[in-house]
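Written out below as structure tokens is the structure these notes cover.
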2 protein chains.
Amino acid sequence: MDPRGGRREPTMRDVAALARVSTKTVSRVINDLPGAGPEVVERVREAARTLGYRPNLTASSLRRSDRRSATIGVLFEDLSNPFDAALLRAVEDHARRHGVLVLAGSSEDDPALQRELLASLATRRVDGMVVMAAGGHQDALQRERERGTPMVLVDRPPTFDGTDSVTTTNRDSSRDAVLHLAGRGHRRIAFLGDRQTLWTSCERYTGYLEGLAHAGLTLREDLVRTDLHGPDAAETATAALLDRHEPPTALFTAQNLVTVGAMRALRDRDLHHRVALIGFDDFPLADMLQPGVTVLRQDVPALGRRAAELVFARIDGDRSEPTHAVIPATLIHRGSGEIPPPADGTR
Amino acid sequence: MDPRGGRREPTMRDVAALARVSTKTVSRVINDLPGAGPEVVERVREAARTLGYRPNLTASSLRRSDRRSATIGVLFEDLSNPFDAALLRAVEDHARRHGVLVLAGSSEDDPALQRELLASLATRRVDGMVVMAAGGHQDALQRERERGTPMVLVDRPPTFDGTDSVTTTNRDSSRDAVLHLAGRGHRRIAFLGDRQTLWTSCERYTGYLEGLAHAGLTLREDLVRTDLHGPDAAETATAALLDRHEPPTALFTAQNLVTVGAMRALRDRDLHHRVALIGFDDFPLADMLQPGVTVLRQDVPALGRRAAELVFARIDGDRSEPTHAVIPATLIHRGSGEIPPPADGTR
DNA sequence: GTAGATTACGTCAACGTTGACGTAGGAGGA
DNA sequence: TCCTCCTACGTCAACGTTGACGTAATCTAC
């Protein structure tokens, strides 16, 4: 039971010796290639079985002409975030159908770490990558792409040309959410968002602005809080907004952790039944809270599937123009987004 | 921008030619080994930079004596489950410190799929594995282990000898939960659990029995529902329990999805403020529900860290006796577990 | 001044596998 | 009968890298 204690993985040579054939013949049998007679096939199979032989994909992919490692890299922001986790799972499912395994990493939205992980993947010669680009410069991604590595960006599009992407209707859905609130009579709708270096945050903010404009509301910059990273920052910011003398009657929270923080602040002040809330990204149990939390739900399985389809197409040599797939998000009415503003306009 | 369109990754030979040295010298420079003069080092570095050379770990690990692929395999039940995702992240963090990447897969608690993924990992010659064993026979795992592959089982211990494991105090914590409920005066405490083929489910059930026994309560088998896979099954089962003429006054739900299902049933009947509930596994927003959900929280970061430490120790040749680490879970009081039984003993 | 050690390289083969190509023997056709 | 084609193998080299070993030049010590 030692780690590889004294043992050595059997090789084709061992199998060949036992079956009294050449290694090439073993190769043919293992890979189901023609050119081996039935009894030889049986002899080789038998020998492989008794020795417990398993092919070495490392050596194989080194020598093969296609050079495939049957492995793709997945670089997301944080694999423990439910959104990222669900996306990983979706990609993994499709990869499995292609006989491909997934090397996964969390870049923590840190360009340096992302660069490092990218290099690690490259060093392992993955066949392709599915990447959630970290904020800031994408030059490491671009360089990798320019070397010809098949790559699909998810959740955030590339800032450079020639690369496929799969994103959500961030802007349009955000606008719809704001219009939904405005339609209920809200006039003071706050925006709470994650870092503005993230493309999704900017898009959602733009959608918010568009929504205000469509509804004929004027932007009040004092109701906008951005660069809230994590629930704690969101909670503090929301608290500050709510404690103003003219507080918002509705909140649009543009990221799942921000939504959580905002909800905490609302609850602390017992305002969760009086201030409307719509969050971007669904989360488990959103329907069990009181009131249920109205959210924009991204179609995560579709995002993952599309991303996987695109990488595999590129890996298989598809050279058509880059695709920028956009998957619609849906507004799920659960109650919090349907709270009307107070009749007197104050609260 | 084609996939590897016409290009070829530069190799050591290319670098060697440009720097007018032997490939061996390039190897020395790339790996920071002694035996290269300062100006040669600079020339090689320069050449590598201009060519965009990146070492091929595949070829390297094939040739090296230690045979390390700097990759470990992680085989969990479902990477999109928050518990699994958090665990993956914890393992990944520690792996990164060792310069190791993670090949991740979901076995869906299906032994056949697990066996297949195991073979895939083996074929790629991972240095070690962290596995959440699928229910049923573990013979595929055992065979892999007997070949000498460093392996650590998480969440569920091996049914065979000689393998490290990291688990939670399933039994003791479950007992504590039941005692906590009994201490509030509950006498009809129901058990709702996942498949009994899962070791954790059995342990938690045993803990439940121990708790009843310690509290001097008799087991009422009509209050026990097992083999509930997923929230829907749990909801149905809970509903049936609650609709009995002598319904339970408290529920112990032994898995996170079961807890969710039970909560839905309670809410449907508006009993969530009257029937006590303790769930195994914490989940996001458990504190935001009304009442807050009392749970047994597993120390996921500790589980992941310990698992990673153990695999890496084995990979580094540690041959000491197998370790079976047990990480304590904590009872988090949030309200639902502190609801007393109705005064009249009915409801 | 010379034995001996040290430094800075180079050469060669091998890791496990497969592509290119060779060959012996038999089948089939003219 | 002889030529061709096909089948079932085998041989060899190469994928990109590194361990083992060789060697020439330089340095150290007495």
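Naming: A, B, ... by sequence-line order, numbering from 1 per chain. Just the heavy atoms: all of them, side chains too, but no hydrogens, waters or symmetry mates, feed the values below.
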* Asked: Hey, are B:R67 and A:E9 close enough for a salt bridge, meaning a charged N less than 4.0 Å from a carboxylate O?
  -> no
* To do: Name all residues meeting the side-chain hydrogen bond (donor to acceptor under 3.5 Å, both in side chains) criterion together with A:S107; count only those two or more places apart in sequence or in a different chain, and write none if there are none.
  => none
* Nucleic acid contacts of residues 34-48 of chain A, taken as heavy-atom distances under 4.0 Å to DNA chain D -> A:G35, A:A36, A:G37, A:V40
* To do: Could you go through the salt bridge (charged side-chain N to carboxylate O under 4.0 Å, His left out) check for A:R96 and A:E92 one step at a time?
  => CA-CA 6 Å; A:R96 176 149 60 228; A:E92 188 219 337; 2.9 Å; yes
* Structure fact -> salt bridge (charged side-chain N to carboxylate O under 4.0 Å, His left out) pairs touching residues 115-124 of chain A, sequence neighbours excluded, are none
* Under the side-chain hydrogen bond (donor to acceptor under 3.5 Å, both in side chains) test, residues paired with B:R89 that sit two or more places apart -> A:D78, A:S106, A:E108, B:D93
* To do: Scan for ring-ring contact (aromatic ring centres under 6.0 Å, His included) pairs involving residues 44-80 of chain B, sequence neighbours excluded, and state none if there are none.
  => none
* Base, sugar-phosphate, or nothing for B:S60, non-hydrogen atoms under 4.0 angstrom? -> sugar-phosphate
* Going by distance alone, is a donor N or O of one side chain under 3.5 Å from an acceptor N or O of the other, for A:S22 and A:T25? -> yes
Between the protein and nucleotides 24-26 of chain D, which nitrogen or oxygen pairs are less than 3.5 angstrom apart?
none

* Ion pair present between B:E309 and B:R305, side-chain N to carboxylate O less than 4.0 angstrom? -> yes
* Positional range of nucleotides in DNA chain C within the contact set of chain B, heavy-atom, under 4.0 Å -> C:dA8 to C:dG16
* To do: List in numerical order all residues of residues 115-123 of chain A for which some heavy atom is under 4.0 Å away from an atom belonging to DNA chain D.
  => none
* Asked: Excluding sequence neighbours, so at least two apart, what forms side-chain hydrogen bond (donor to acceptor under 3.5 Å, both in side chains) with A:R97?
  -> none
* Salt bridge present between B:E46 and B:R49 (N-O < 4.0 angstrom) -> yes
* Structure fact -> DNA chain C nearest-nucleotide lookup for B:S22 and B:R67: closer to the 5′ end is B:S22
* Structure fact -> Contacts of B:D164 meeting side-chain hydrogen bond (donor to acceptor under 3.5 Å, both in side chains) (sequence neighbours excluded), chain-then-number -> B:R314
* **Divergence of helical axes at both termini of the helix from C:dG1-D:dC30 to C:dA30-D:dT1 - five pairs an end, 10° steps** => 40°
* Asked: Any luck finding a side-chain donor-acceptor pair between A:R125 and B:T58 under 3.5 Å?
  -> no
* Pairs in or reaching into residues 23-37 of chain B: which pass salt bridge (charged side-chain N to carboxylate O under 4.0 Å, His left out), with residues at least two apart or in two chains? -> B:D32-B:R45
* Remember a base hit wins even if backbone is also touched, and classify B:R28 as base, sugar-phosphate or nothing at under 4.0 Å, heavy atoms. => base
* **Heavy atoms from other residues, nucleotides or ligands near NE2 of A:H324 exceed 12 (cutoff 6.0 Å)** => yes
* To do: Could you tell me whether a side-chain N or O of B:Q138 sits under 3.5 Å from a main-chain N or O of B:T159, the two making a donor and an acceptor?
  => yes
* Map A:R20 and B:T11 onto DNA chain D by nearest heavy atom, then report which one ends up closer to the 5' terminus. => A:R20
